[in-house]
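Along the sequence shown, residues are numbered consecutively beginning with 1. Here the structure is a predicted model, which is why all the values come from computation and not from measurement.
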Amino acid sequence: MIRNLLMMAAIYVHELMSAIVAMIISMIGIAGMTITKITLLISSASRERMATMTRANTAMRLMGNTLGPVIAGSLETTYRTPLLAYYLNGMPIFYEVPGKESFV
C-alpha cells in the first residue's frame, strides 16, 4: 500500500515538474518573441514616428491582453460538455467542462 502511494506521488511530481519545465521554456520563447517584435518595430521606424509606433503597438497589445481572456471565457462558458463525475445513491452526478467546440 505504501509502495503504491510512493509510486503515485513520484509519477505526480514527475508530471508536475515536466509541466513546469514546459511552461518555463514556453514563457522564455514568448518573451523572446515580444522583445524581437519591439526591436524590429523600433529599427524599422524613423525617429519622428518611433514614439507613435511604439505607443500604438503597446495600446494594441494591452487591448488584446484585456479582451482575449473575456472572449475566451465567454466561449468556454457557452460551449459546455457534461462529464460524469460519480454516482450518488444511484443518481449520476455530472460536472460541466468546456467542450471541444469552444477551442475550435
Roughly how far, to the nearest 0.5 Å, is the [atom2] atom of [Y] from the [atom1] atom of [X]?
X: Thr52; Y: Asn57; atom1: OG1; atom2: CG; answer: 12.5 Å
X: Arg55; Y: Arg49; atom1: CZ; atom2: CZ; answer: 10.5 Å
X: Thr81; Y: Glu101; atom1: OG1; atom2: CD; answer: 5.5 Å

Shortest non-hydrogen contact between [X] and [Y], atoms and distance:
X: Ile42; Y: Thr54; value: CG1-CG2, 3.8 Å
X: Val70; Y: Thr66; value: CG2-O, 3.6 Å
X: Pro98; Y: Phe103; value: CB-CE1, 4.0 Å
X: Gly64; Y: Pro69; value: O-CD, 4.2 Å
X: Leu84; Y: Pro92; value: CD1-CB, 3.7 Å
X: Ala45; Y: Met50; value: CB-CA, 4.1 Å

* Count the heavy atoms belonging to other residues, nucleotides or ligands that lie under 6.0 Å from CZ of Phe94, then report whether that count exceeds 12. =>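 More than 12 heavy atoms, drawn from other residues, nucleotides or ligands, come within 6.0 Å of this atom.
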* Please go through Leu88's hydrophobic cluster and name the other residues, only I, L, V, M, F, W, Y counting, with side-chain heavy atoms under 4.5 Å joining them. =>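 Taking Ile, Leu, Val, Met, Phe, Trp and Tyr as members, Leu88 shares its hydrophobic cluster with Tyr86, Ile93, Tyr95.
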* To do: With side chain to side chain contact (heavy atoms under 4.5 Å, CB included) as the test, would you mind laying out the steps for Thr58 and Arg61 before giving the verdict?
  => CA-CA 5 Å; Thr58 302; Arg61 194 174 65 241; 4.1 Å; yes
Show every donor-acceptor pair shorter than 3.5 Å between a side-chain atom in residues 20-38 and any protein atom, with sequence neighbours excluded, or say none if there are none.
from: Ser26; atom 1: OG; to: Ala22; atom 2: O; distance (Å): 3.3
from: Ser26; atom 1: OG; to: Met23; atom 2: O; distance (Å): 2.9
from: Thr34; atom 1: OG1; to: Ile30; atom 2: O; distance (Å): 3.0
from: Thr36; atom 1: OG1; to: Gly32; atom 2: O; distance (Å): 2.7

